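Report on the following structure.
Small disclaimer: the values here were computed from a predicted structure and weren't measured. Here, residue 1 is the first one in the sequence, and each next residue gets the next number.
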Amino acid sequence: MATINLRRTPLYDAHVALQARMVGFGGFEMPVQYAGVLREHDAVRHRAGLFDLSHMGQYVLRGAEIGEWADQLTVNDVANMRPWQARYNLFCSESGGVHDDVIFYRQEDDEWLLVVNAGNARKMWGILQARRRNGIRLENNHGTHALIAIQGPRSAEIVERLVSPADRESIVAMRYYVCARTVVAGIPALMARTGYTGEDGFEMFVPNDDAVALWDALLEAGVTHGLEPCGLGARDVLRLEAGMPLYGHELEEDITPLQAGLSWAVKFGKPSFEGKVALEAQRVADDYPRIVGFTLEGRAPQPRMGYRVLANNIDVGEVRSGAVGIGTALVDVSVAKPGSQLEIEIRDRRWPATVVKLPFYKRSK
């Protein structure tokens, strides 16, 4: 059997000390849970949770024409982003399938941070290099810079305790999908009000050498606020409830943004971008399979990726993600409307299910 050499984030020893159960994910040894998925899920929904996301790929893009260049490579608008704004985007192939879903963080006029999924980091680095123009410089910070996220309704209170007094008011008042340079617990960091849980929260980017000090400071500051370290298990349930796609499940090389319900991110008004012709044809035909949410009836076991989805005894798709009582599936357009009745085959038994509108959970503002 081949040996897989997994990388470790700078917080690996901290996770082990907290008795996290470690698993391989995206080429790294990552914590899947500490005290348990249910407890960590509850912390994020009602108090705050702390995540190590240092396995994610981080690339710094520099050059006066980054926005125009990236506009031709991605489906969403980039060039019209203002400094210190963040925006979700997707890199697609010419056939419209998704290479990766990413977030651009514009910093100075000619410097941007691009965050990609860990499992796609090598592929995305190759795509960026292959399409690089003169005057555009690329810096690969994957594995050298950490990413720590604090998520939950009390996250702003915790961060407020650690941000430098000069920045405190502006950071706490920061709007969603905005970023800023600040100092947290004495550590210079890029901070963004972004996340992947459906809750309010912040993501902090620092060099690896500062990661442990920042992680420890956040945990200590959050003790009285109910902050808990959280793993990938809770994160997957939280993002599923919030209707956020996960690459490899709701997004893939052969699943387009339109199929994934991300048409809002595809700017057909742009003159051109990779995949535009294929996506326009798919939009016009309007007969493509869709990612939908579903709820299960009864005490059904948790559905898992690849399970059969049927309607009137006919195969109409397959499960892409699942948690207890809910899931997503890629199904034929004929059964994609909310209210459509399905059956999910789980361990040789079929369980009734109903198509519902995503997301399953939306926090109150």
Side-chain angles (χ1 to χ4, degrees), residues 9 11 25-26 30-31 37 40-58 76 84-90 100-106 113-118 145-160 162-163 171-180 182 184 189-206 211 214-215 218-219 221-222 225-247 249-251 262 265 321 323 358-365:
T9 77
L11 295 168
F25 184 83
M30 299 299 296
V37 171
E40 293 160 28
H41 174 278
D42 181 73
V44 175
R45 285 283 181 253
H46 300 101
R47 299 177 301 279
L50 194 62
F51 297 87
D52 176 15
L53 308 177
S54 305
H55 60 310
M56 304 284 283
Q58 297 184 38
N76 204 346
W84 307 110
Q85 185 178 16
R87 183 169 291 168
Y88 180 82
N89 210 329
L90 301 107
D100 200 13
D101 63 330
V102 305
I103 296 182
F104 282 93
Y105 300 83
R106 184 171 190 178
L113 175 66
L114 176 65
V115 176
V116 308
N117 284 293
H145 284 62
L147 170 55
I148 297 173
I150 182 169
Q151 299 279 292
R154 304 200 71 181
S155 57
E157 297 173 56
I158 298 168
V159 168
E160 184 178 10
L162 298 175
V163 173
I171 291 297
V172 172
M174 180 188 288
R175 290 179 290 108
Y176 195 46
Y177 267 70
V178 167
C179 60
T182 186
V184 191
L190 174 67
M191 179 179 291
R193 200 155 200 168
T194 49
Y196 191 54
T197 63
E199 296 295 343
D200 185 22
F202 300 85
E203 295 182 313
M204 289 156 271
F205 302 86
V206 297
L214 178 58
W215 175 268
L218 287 163
L219 278 180
H225 298 75
L227 177 69
E228 302 236 9
C230 298
L232 297 174
R235 180 174 161 86
D236 188 46
V237 178
L238 291 160
R239 71 90 194 164
L240 175 59
E241 290 178 338
M244 296 178 173
L246 174 64
Y247 197 90
H249 291 256
E250 287 78 21
L251 293 171
L262 299 172
S321 292
L358 292 171
F360 298 103
Y361 169 84
K362 192 171 185 179
R363 71 182 168 96
S364 56
K365 301 292 183 181

Can any side-chain N or O of R193 pair as donor or acceptor with the backbone N or O of V172 at less than 3.5 Å? yes
Which heavy atom in A48 sits nearest to a heavy atom in S155, and how many Å separate them? CB-N, 4.2 Å
Using every non-hydrogen atom in the two residues, find where Y361 and G198 come nearest and quote the distance to one decimal. CE2-O, 4.1 Å
Contacts of type side-chain hydrogen bond (donor to acceptor under 3.5 Å, both in side chains), residue H225, not counting sequence neighbours: none
Could I get the full list of side-chain contact (heavy atoms from CB on, under 4.5 Å) partners for A189, not counting sequence neighbours? V184, V206
Which residues pass the side-chain contact (heavy atoms from CB on, under 4.5 Å) test with V163, not counting sequence neighbours? V159, D167, I171, T182, M191
Give the minimum heavy-atom separation between A156 and F202, together with the two atoms involved. CA-CE1, 3.7 Å
Partners passing salt bridge (charged side-chain N to carboxylate O under 4.0 Å, His left out) against R45 (at least two apart in sequence or in another chain): E199, E241
Measuring from atom OG1 of T194 to atom CG of D200, what distance do you get when rounded to the nearest 0.5 angstrom? 10.5 Å
Distance check, rounded to the nearest 0.5 Å: L53 atom CG versus M204 atom CE? 10.0 Å
If the condition is ring-ring contact (aromatic ring centres under 6.0 Å, His included), which residues does Y88 pass it with, not counting sequence neighbours? W264
Taking side-chain hydrogen bond (donor to acceptor under 3.5 Å, both in side chains) as the definition, give me every residue that meets it alongside Y196, ordered by chain and number, with sequence neighbours left out. none
Residues in salt bridge (charged side-chain N to carboxylate O under 4.0 Å, His left out) contact with D100, at least two apart in sequence or another chain: none
Who pairs with A118 by side-chain contact (heavy atoms from CB on, under 4.5 Å), at least two apart in sequence or on another chain? H55
Output for pair (F51 CZ, W215 CH2), nearest 0.5 Å, gives 9.0 Å
Would R47 and D42 count as a side-chain contact (heavy atoms from CB on, under 4.5 Å) if you check the C-alpha gap in whole Å, the side-chain angles of each, and the deciding distance to 0.1 Å? CA-CA 8 Å; R47 299 177 301 279; D42 181 73; 3.1 Å; yes
Any chance you could measure L214, atom CG, to I148, atom CD1, to the nearest 0.5 Å? 4.0 Å
Taking only residues two or more places apart in sequence, or in another chain, which ones meet E40 in a salt bridge (charged side-chain N to carboxylate O under 4.0 Å, His left out)? none
To the nearest 0.5 Å, what is the distance between CD1 on I150 and CG on L227? 5.0 Å
Working to the nearest 0.5 angstrom, can you tell me the gap between L190 CG and Q58 CD? 9.0 Å
With sequence neighbours excluded, what pairs up with E250 under the salt bridge (charged side-chain N to carboxylate O under 4.0 Å, His left out) test? R239
I'd like to check the side-chain hydrogen bond (donor to acceptor under 3.5 Å, both in side chains) partners of Q151; sequence neighbours left out, ordered by chain and number. T197
For a quick test of reading the model, state the closest non-hydrogen atom pair linking N76 to N89 and the distance between them. N-OD1, 2.9 Å
F360 to L240 - nearest heavy-atom pair and separation: CD1-O, 3.4 Å
Give the minimum heavy-atom separation between H41 and V237, together with the two atoms involved. CD2-CG1, 3.8 Å
Please identify each residue that fulfils side-chain hydrogen bond (donor to acceptor under 3.5 Å, both in side chains) with T9, with sequence neighbours left out. D52
Among L246, N117, L262, which residue satisfies the side-chain contact (heavy atoms from CB on, under 4.5 Å) criterion with L251? L262
